[in-house]
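Report on one structure; see the data block that follows.
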Amino acid sequence: MSVILETQNLRREFGALVAVDDVNVQIAGGTLHSIIGPNGAGKTTFFNLVSGTLKPTAGRVFYKGEDITDLPVHQTIHRGIGRSFQITNIFPFLTVQENVRLACQALGKDSFRLLRSHARFSDYLERSEEVLTRVGLAEKAYHVAATLPHGDQRKLELGMILAPDPEVLMLDEPTAGMAAEQVPELMDLVQSIQEAGGKTVVLVEHNMNVVMRVSDRITVMHQGALLAEGAPAEISADERVQTAYLGELYETSAEEEAP
Amino acid sequence: MSTETSDLRSQTSEAGPSKNRQRAEWLRENRVRVTVLAVLVFVFVVALLGLEREDWFETIMQGLSVGALTFLVVSGLSLIFGLMDVFNLAHGEFFMLGAYLGWTAYTRADTLLDVAIPLLLLAAPFALMPLWQRLAVSITLTGRARKATAWGFVIVGALAAFFTITRFPLVIWDAENFALTPANMTVQIDLGTHAPLPADTFSGPVIVAVLGVLLGGALIAFGFGTLRKPGTETEALDRRNYVAFGGLLLAALLLHLVKEPVNEWIFGLSTTWRFFLSMGISVLLVAAFGALVEVILIRPLYDRPIYQLMITLGLGFILIELVREVWGRPEFTMARPAAFAGTGEGCPGQGLGGFFSGCSTVEVFGGRLRVYNEGFVILVGIVVLVAVTLLLRRSRLGMVIRAGVEHPEMVEALGINVRRVFTMVFALGSGLAALGGVLAAPSIGLSSGMGAVFLLGAIVALAVGGLTSFPGAAVGALVVGLLQQIIIRYGQVGIPIPFVEEPFKPSPTVVPAASIVLMVIILLVLPTGLLGRSEK
Amino acid sequence: MSLLELHDVHTFIEQFHILEGVTVEVPQGSIVALLGRNGAGKTTTLRTVLGLNPASSGKVIFDGVDITEQKSFDIAAMGIGYVPENRQIFAELSVEENLRIAERNKGDLAGKEEMIFGLFPDLKRLIRLPGTNLSGGQQQMLAVARALVANNRLLLIDEPSEGLAPVLIEQMMEAIRALSEHTTVLLVEQNFIVASRLAQHYAIIEEGRTVKAGEMGHLVEDEETVKRYLGAA
Amino acid sequence: MTSTALAQSTGLSGWLRRRRGLLGAIALLVAFPFIISIVIDGQGLAAVVNNDLGNARFLQGLAIEIFILGIYAISYDLILGVTGILSFGHAMFFAVGAYTFGIMLKSFELAWPVALLVVLVAAVLQAILFALVLPRVHGITYALVTLGFASVFWIVIQSSDLADYAGAEVGLQGVDAPVWFLDTTNERFIFYLICLAIFFGVYVLYQHIVDSPAGRVFVAIRENEDRALMLGYNTFWFKLLVLVIASITAALAGTIHTLHQPIVTPNVAGLFWTVTALLIILIGGMGTITGALIGAAVYRLLEYYLDKWFAGAAGLLIGAAYVLLVLYVPYGIVGTWRAKSLRIKEGRDRLLKLLTGGGGKEEPAAKE
């Protein structure tokens with residue numbers, strides 16, 4: 001598989017704090033690549049750097065060999081990178097369908113049409129219905145988004161990324177706050193989307209179990225730096241990951257420094 | 001819901017970056033800021049050096065004077081915005097209200113005393129609010145009917161109060177002539193357009209008027225008590241309520257008894273002391289009014305900031321109309337207190353010591369300065385700057401304010417009633433604006449448009465200095481004051497332009513425009529102003 | 001006897017229904033850990049107790065008094081200390097002022113100085129520095145210290161270990177354990193190991209609901225539950 | 001919702017049916033001067049066409065003022081209510097149209113279509129000026145900057161240097177009607193009809209704009225601009241588009257104002273004129289478009305009658321009404337009415353569900 005997304009020495013500082021510390025990651029096209037790590041590991045910052053919502057202090061991001069580091073956010077979407085947010089980020093007072101329809105319309109050429117009713121652009125309507133069916137929200141298409149239960153809002157968010165049919169989907173904790181029962185369902189959905197469309201999925205997760213089953217490859221971050229990378233089996237066997245992840249690291253280091 | 005962007009990894013190394021590196025880093029982060037400040041200082045210095053020496057000295061002092069007045073308005077605006085995120089568009093009108101109240105206290109203290117009596121009586125029943133709330137529980141109506149009944153009580157009470165207040169024994173008021181308010185009449189008598197009235201034009205039993213006003217107040221208070229949602233806990237009715245009620249009644253009675261001697265005493269004072277007295281009265285009254293505004297109008301809208309902006313806009317409009325109703329539309333002036341108005345023998349005074357010569361003007365470095373404008377006003381500005389800075393830096397209230405600017409919720413979580421602090425800050429800001437109003441009145445006169453003019457200057461100063469920064473407010477006010485005076489001065493002497501014979505003379509109308517242009521430029525370069533913190 | 005009880009608490013933030021039935025009991029003198037995944041509603045639960053995000057229905061009872069509809073500052077003044085997520089140190093204030101602002105009566109700080117500086121000796125050295133100059137770990141200590149200044153009977157501590165270096169986590173745990181001898185603690189903690197070693201009781205929150213609660217000892221043995229809800233182990 | 005409405009109505013008859021309220025209003029307003037002439041003035045139908053003095057003529061003038069206010073307010077609603085841009089410089093949009101048109105006619109003696117063209121260019125340029133600062137400043141700071149722009153214009157237009165053109169503090173006076181059908185004094189009824197046509201033309205246009213793909217993006221920007229950006233919309237261009245449309249519309253209102261009023265005072269560039277627009281859309285309901293029209297009518301009539309009945313105290317009463325509106329009816333007339341009808345509809349749906357006894361599972365989980 002060719003590398004579709006790549007970071008070189010990506011670094012981001014907030015004042016004295018180094019949130020992302022010279023991270024090099026290569027993500028192969030058509031795979032489901034997860035980035036995991038405990039709270040405060042810098043996953044979301046890294047994610048924001050790659051998707052262009054934050055600008056790095058140093059380092060570059062490449063998409064299909066092209067340097068996209070300085071590209072404005074709205075253009076990365078046009079290149080085919082869609083991203084979701086850890087905190088639900090939707091248009092709360094618009095209907096579910098309108099949320100997705102806006103996402104469909106974004107990549108068309110009709111957004112500056114002023115005089116025809118949006119309802120006459122049936123392509124977007126059809127596409128949004130298709131997407132809503134895919135994520136299982138078709139029956140709630142005319143509900144106001146804010147009135148949906150939390151789990152459905154996460155699905156809507158996923159739908160909004162799917163709508164323009166991007167090549168790379170970047171998902172930041174898509175299951176945050178969802179019930180344990182719903183998690184496998186959503187992960188299956190993500191996996192099926194990835195496999196059916198041959199898409200690349202970059203998944204940031206906090207919960208290791210969620211990603212073990214569906215990932216092709218896993219990157220582990222800890223304290224802003226890259227800790228390990230490999231196939232799920234390698235990762236779960238890696239002792240450093242286990243300790244870092246489970247928070248036992250402090251015991252060893254405390255012992256080292258304590259005497 | 002944690003966002004990892006805010007995670008701060010601890011550093012086990014304690015030494016931290018060295019002083020030099022810190023300074024270098026600070027410079028790097030603030031290079032735009034430093035450059036802008038440098039350019040600004042450079043432009044000012046060049047502009048001033050282009051003038052003759054006596055001109056530039058005068059210009060600086062006049063700039064400081066205007067800056068001091070602007071600062072008084074802008075300091076309140078800045079405190080309020082910094083702490084509560086409320087942009088008070090009525091702040092200029094508080095300034096105006098301060099000037100009008102100050103004028104009344106200065107030239108017509110008797111009217112103020114007169115009006116205070118019925119107002120105290122009207123306020124007294126509100127001290128018994130818990131009682132009204134308890135009584136209101138017996139009204140079993142709910143929903144809209146309850147609201148309508150409540151407002152009905154308020155309206156009936158207001159009518160009763162209105163008709164009895166106009167029957168009140170006022171020294172200066174022709175009770176037959178409702179078209180003119182007492183204040184308006186005093187203005188006209190003062191201007192000589194209305195004949196002075198004989199004392200006590202009132203006829204009829206005082207007791208009716210007193211009871212009528214009390215009844216009116218009680219009905220209004222009861223109405224508001226009814227507006228409260230049934231079922232919510234009522235405040236406790238304790239001794240304090242009765243003490244407050246009795247105190248207000250007693251105060252009204254006392255005031256009535258001592259009115260004559262107090263009047264005599266006030267009018268016996270020199271105008272200088274009367275001026276200081278009126279400053280105090282005006283500040284207190286407007287501060288109390290500000291607190292009332294915060295509680296009634298601003299507080300219900302904390303979660304709707306745009307509406308807050310709109311309501312202060314509407315409030316400003318109301319205040320202008322109110323002033324026009326109460327004091328009349330024509331502009332009038334306020335006499336300078338005697339200490340700053342001396343002329344004749346030995347005047348103008350010479351040198352810095354001349355400020356104490358009792359002359360209205362002094363000559364310093366060949367420039368002619370007005371003692372009131374370029375001496376007293378600047379002095380008050382500096383005193384307020386120092387006082388507020390001390391309040392912010394040294395007192396517990398200041399500590400809470402500084403903390404509240406940053407994390408109001410955390411302050412609340414420490415058990416501090418942030419809302420009450422908000423009210424106090426709003427009152428403080430209003431009082432400072434009123435102080436500015438009284439100070440400005442002797443030099444710019446009184447008109448219902450004076451607030452809007454100063455608000456524009458204050459907004460510019462605030463935006464230039466940084467919206468939430470108190471030192472920024474001072475710097476911004478200074479910049480605006482100096483810029484305005486420099487341009488006015490150049491409007492007189494003209495700017496020599498190479499190869500053009502006639503020097504360019506900016507017309508006075510462009511003065512405010514220039515400061516606005518400066519504001520736009522600075523905001524475009526530094527969206528947070530000269531000293532503002534970057535957005536949270 | 002329970003010092004704090006939440007009964008079927010529902011909370012909205014703007015139009016979003018965040019808590020949809022949280023029930024938690026915090027026995028006097030114990031440490032209770034709120035567990036659950038990111039976005040489950042743990043932080044909101046603490047904020048609801050303090051009235052920062054008031055509950056729209058349900059009951060919050062502190063020491064036998066219904067505080068559901070009370071104002072935040074009144075609730076806090078009843079003796080609840082709060083260590084928020086992100087610490088919320090007042091950057092403009094010095095360390096000393098950060099502590100002094102938490103005084104409810106004059107002299108609170110003087111009386112507690114020994115205890116506070118005993119727990120966090122670093123702070124004594126930094127007392128004149130403005131809050132903005134502290135490192136993450138020092139800020140966390142200051143945040144905890146600030147909650148100790150007044151005489152609080154209950155501490156709400158949100159993610160004390162987040163973003164801390166291992167040594168500091170250890171120190172923080174020591175501190176929490178020490179102060180829990182005098183006060184009751186309701187703790188939100190992502191790091192299960194930390195939580196399991198500190199707390200005697202737990203409640204798992206998921207999608208804004210309490211799904212499981214009980215004694216920590218049982219949970220540690222119940223690998224299935226830990227794996228299912230917390231994703232660790 | 002819109003898609004179902006669309007399904008049942010294509011072609012002319014469908015259009016007529018959907019627009020029956022609007023068509024009825026237009027018909028009523030066309031007939032309005034005649035009705036007044038007959039019922040109140042006791043004059044015949046010819047009196048209206050002959051431009052005779054009387055209530056009919058006076059009320060037409062009042063209606064034209066409402067149309068001007070309505071067009072002006074609708075453009076502000078697009079900026080503030082629909083797109084959520086907090087601009088406090090809207091009076092400038094109006095005043096630039098009013099002054100430019102007047103000065104072009106009077107001082108430069110241009111033909112009126114050319115003058116209109118100049119107004120158009122000026123409107124587009126100032127919209128670009130307002131948009132240029134958008135990427136730098138947001139929220140209240142943007143409000144202050146735009147307030148600054150408008151204040152500079154307000155000051156400049158009053159300066160004595162430009163007195164020959166703009167008439168300094170007095171304002172622009174003596175602009176003669178350039179052509180017979182734009183003559184409000186001698187051909188009041190024709191002018192009334194033209195203003196009526198423009199008014200409803202703008203209204204229908206704006207409804208279409210808000211309903212168009214671009215209009216949906218405007219709403220999206222108001223709801224959550226960051227998200228709109230993350231969907232791939234370059235929101236700057238959309239906001240520029242909004243400002244250009246609103247600027248042209250407001251300038252058009254200013255142009256009619258110049259034709260209708262004997263004097264264009266500098267007040268139309270001042271902060272209070274922006275507040276008027278704000279007040280109107282607040283009365284009508286922000287972001288509803290229709291609200292701007294209803295608000296304009298309510299505002300102007302209220303102002304007129306309060307002035308008539310209470311003379312001096314009118315300003316105070318308007319201010320008080322404004323404050324009460326902000327506190328108690330924040331969604332305005334149309335907004336409150338829509339919310340009510342929505343609740344009524346919801347209730348009806350629930351009732352139907354209860355009666356048919358099915359479909360309970362779609363209800364959000366029962367909350368006891």
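Lettering of chains follows the sequences in order, A, B, ..., and the numbering in each one begins at 1.
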Which heavy atom of [X] sits nearest a heavy atom of [Y], and at what distance?
| X | Y | value |
| --- | --- | --- |
| Gly148(D) | Ile516(B) | O-CG2, 3.2 Å |
| Ala320(D) | Ile318(B) | N-CD1, 3.6 Å |
| Val137(D) | Pro527(B) | CG1-CB, 4.2 Å |
| Ile155(D) | Ala513(B) | CD1-N, 3.7 Å |

Within the structure provided, determine whether Val520(B) and Val152(D) are in side-chain contact (heavy-atom separation under 4.5 Å).
no

Measuring only between side-chain heavy atoms, which start at C-beta, is Phe88(D) closer than 4.5 Å to Leu89(B)?
yes

Can you name the one residue among Val275(D), Val323(D), Leu279(D) that meets side chain to side chain contact (heavy atoms under 4.5 Å, CB included) with Leu313(B)?
Val275(D)

Which atoms of [X] are under 4.5 Å from chain D, going by heavy atoms: the side chain, the backbone, both sets, or neither?
| X | value |
| --- | --- |
| Tyr307(B) | both |
| Leu524(B) | both |
| Val460(B) | neither |
| Leu322(B) | both |
| Leu297(B) | both |

Among residues at least two apart in sequence or on other chains, which ones pass side-chain contact (heavy atoms from CB on, under 4.5 Å) with Val124(D)?
Ile128(D), Val244(D), Ile248(D)

Region of Leu147(D) in contact with chain B, defined by heavy-atom distances below 4.5 Å
side chain

Contact origin within Phe153(D) toward chain B - heavy atom pairs under 4.5 Å
neither

Crowded around Phe272(D) CZ? As in, over 12 foreign heavy atoms under 6.0 Å?
yes

Could you grab the distance from atom CG of Leu271(D) to atom CZ of Phe317(B), nearest 0.5 Å is fine?
11.0 Å

So which residues of residues 282-297 of chain D are in contact with chain B at a heavy-atom cut-off of under 4.5 Å?
Leu282(D), Met286(D)

Pair count under 4.5 Å, heavy atoms only, with chain B: among Leu80(D), Leu86(D), Leu144(D), highest is Leu144(D)

